[in-house]
Amino acid sequence: MTTDTPQLVPGLEGVPIAESAISLVNGQAGRLSYRGYSIEELTQPGVTFEEIVALLYDGDLAGAERIQEMTRELETLRALTPEQIEFARSAAKITHPMFALQAAVAALGPHDNNFEVKVDTVTQRGLALIAKTGHLVGVIAEAAAGRAYTGPKPGESHAEMMLRMITGKTPSPEHLRVMQALLILQADHSAGNASTFTSRVVTSTKAEPEAVASAAIGALSGPAHGGANEHSLRLFLEIGDPAGAEAKIERLLDDKYKIPGFGHRVYHVKDPRSKVIQVLAAEVVKPGTKEHDLYQIALTVEKVATERLGDRGLFPNVDLFSGCVFAAIGIPIDFFTPVFAASRTAGWMVNMREQWDSGNRIFRPAQVYTGSGDRAFVPVSKR
Ligand SMILES: CC(C)(COP(=O)(O)OP(=O)(O)OC[C@H]1O[C@@H](n2cnc3c(N)ncnc32)[C@H](O)[C@@H]1OP(=O)(O)O)[C@@H](O)C(=O)NCCC(=O)NCCS
């Protein structure tokens, strides 16, 4: 190997792209922690998304006063202008909620484009985006359902505002607890996942935070990443009946179909997030409901696919069961990934700050050129 012909690492597998102290994914042990605290502990009842935002930003558990301060700050920062609301509502009428969200988040950007001179506001701008993105998901959901804009109510938590605006109903304490846990569970997943890496790449160009977040939303939308939660539930709906599920899944695997919600680049055991989701499923997926049938299909997928692929290190990831839980608390299928995006905005924004704090050198990797050598141009009249 010479410096002119660098060795290609497809998908940058195993290549570190940053030093990070935010979250740790241990793919062999099946462990995820934020700032050293396990995701199982952080999703216990009583922990709020606001508390986790404080943990991610501050680096350690927040006391009651700090949690209150963060809660108040996010509540203040979530305000949107009438123009921003109208823009998001219009976008919701012409495209998938995830693309509407991407556009609406980009449209939160300022009139100037010169973030480097304002970089001391990186925390504030990041917090504002976390707060406003959740609000925008609610705005888009109301418009998509043909409902009028209601907006956040004073004192309403981030989770409650989102779930009420998305479903059009005041959430039960049970559903609210699950929404909090879902937002916490998906808030970060190390610097190397595709959307967080995207947020780092866009940050490295000194782009405005709104450009960082909207680019990351685009990366998350794909079915190989965050979009898998929507795609897995669509597959279960297509399978329809738990009784016939096993044979259908066998056929899909025979056809080399990539089951959404299964497999992972880093985890070679069952994704710890999928275990937390199953705890949540036990709380809200009630027997006799459509979601219960879908969950039975998800369990069959786990059984059949693990039998066939487990010895290759392929197991359920977070998206195999998350759709059933989203559906059980009343979130429409098109909004699974936007809710994931609202949660992951926390991780993207904390990674953005860490990227700036660590010197922010522009990402500029190499390529292995496989095209033609130098050729003489021939005018079109002579070709
Ligand atoms: C997550 C994912 C993108 C990781 O991709 P990756 O590390 O590049 O792994 P590959 O796609 O190269 O897969 C390696 C092998 O496992 C197989 N495999 C991976 N995921 C699979 C799945 N979900 N179902 C069936 N087979 C799968 C591939 O077909 C490939 O087999 P081969 O070597 O015979 O060609 C991939 O597992 C996937 O597409 N999963 C489904 C989408 C999903 O759930 N995404 C959310 C992730 S949190």
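One is the number of the first residue; the rest follow in order along the sequence. All ligand and atom numbering here is 1-based and tracks the order in the structure.
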Closest approach of any protein heavy atom to atom 26 (N) of ligand 1, naming residue and atom: Leu309 CD1, 3.8 Å

To which protein heavy atom is atom 4 (C) of ligand 1 closest, and what is the distance rounded to 0.1 Å? Arg265 N, 3.9 Å

Would you check whether Asn317 has a nitrogen or oxygen atom less than 3.5 angstrom from a nitrogen or oxygen atom of ligand 1? yes

Would you say NZ of Lys169 has more than 12 non-hydrogen atoms from neighbouring residues, nucleotides or ligands within 6.0 angstrom? no

Heavy atoms only, cut-off 4.0 Å: how does Leu320 contact ligand 1, side chain, backbone, both, or neither? neither

How are the rings of His189 and Tyr267 set to each other: parallel, tilted or perpendicular (split at 30° and 60°)? tilted

Proximity flag Pro10 to ligand 1, non-hydrogen atoms under 4.0 Å: no

Is the contact between Pro223 and ligand 1 made by the side chain, the backbone, both, or neither, using heavy atoms and a 4.0 Å cut-off? backbone

Identify the protein heavy atom lying closest to atom 36 (C) of ligand 1, giving its residue, its atom name and the separation to 0.1 Å. Phe262 O, 4.4 Å

Should the ring pair Tyr149 and His135 be called parallel, tilted or perpendicular, given that the plane angle runs from 0 to 90° and is split at 30 and 60? parallel

Would you call Asp334 and Arg234 a salt bridge, using N to O less than 4.0 angstrom? yes

Would you mind telling me if ligand 1 is within reach of the side chain of His225, the backbone, both or neither, using heavy atoms under 4.0 Å? backbone

Best match, His264, His189, Arg312: closest heavy atom to atom 30 (C) of ligand 1: Arg312

Is it true that, when you exclude Arg383 itself, more than 12 heavy atoms of the residues, nucleotides or ligands shown sit nearer than 6.0 Å to its CZ? yes

How does Ala228 reach ligand 1, if at all, at less than 4.0 Å between non-hydrogen atoms: by side chain, backbone, both, or neither? side chain

Geometric class of the His225/Phe340 ring pair [parallel <30°, tilted 30-60°, perpendicular >60°]: perpendicular

Can you tell which of Tyr267, Phe315, Tyr257 gets a heavy atom nearest to atom 25 (C) of ligand 1? Tyr257

If I apply the N/O under 3.5 Å rule, does Ile259 come out as touching ligand 1? yes

Please assess Thr150 against Glu142 for the test side-chain hydrogen bond (donor to acceptor under 3.5 Å, both in side chains), listing each intermediate value before the final yes or no. CA-CA 8 Å; Thr150 58; Glu142 289 182 336; 2.5 Å; yes

Nearest protein heavy-atom contact for atom 45 (N) of ligand 1: which residue, which atom, what distance? Ala224 O, 2.9 Å

Tell me the contacting part of Leu314 for ligand 1: side chain, backbone, both, or neither, using a 4.0 Å heavy-atom threshold, strictly below. side chain

Give the residue, atom name and distance (to 0.1 Å) of the protein heavy atom nearest atom 1 (C) of ligand 1. Gly263 O, 3.7 Å

Does at least one non-hydrogen atom of His231 fall below 4.0 angstrom from an atom of ligand 1? no

Of all the non-hydrogen atoms in the protein, which one sits nearest to atom 13 (O) of ligand 1, and at what distance? Lys258 NZ, 4.2 Å

Would you say Gly261 contacts ligand 1, with heavy atoms under 4.0 Å as the rule? yes

Nitrogen or oxygen of Val318 less than 3.5 angstrom from that of ligand 1: no

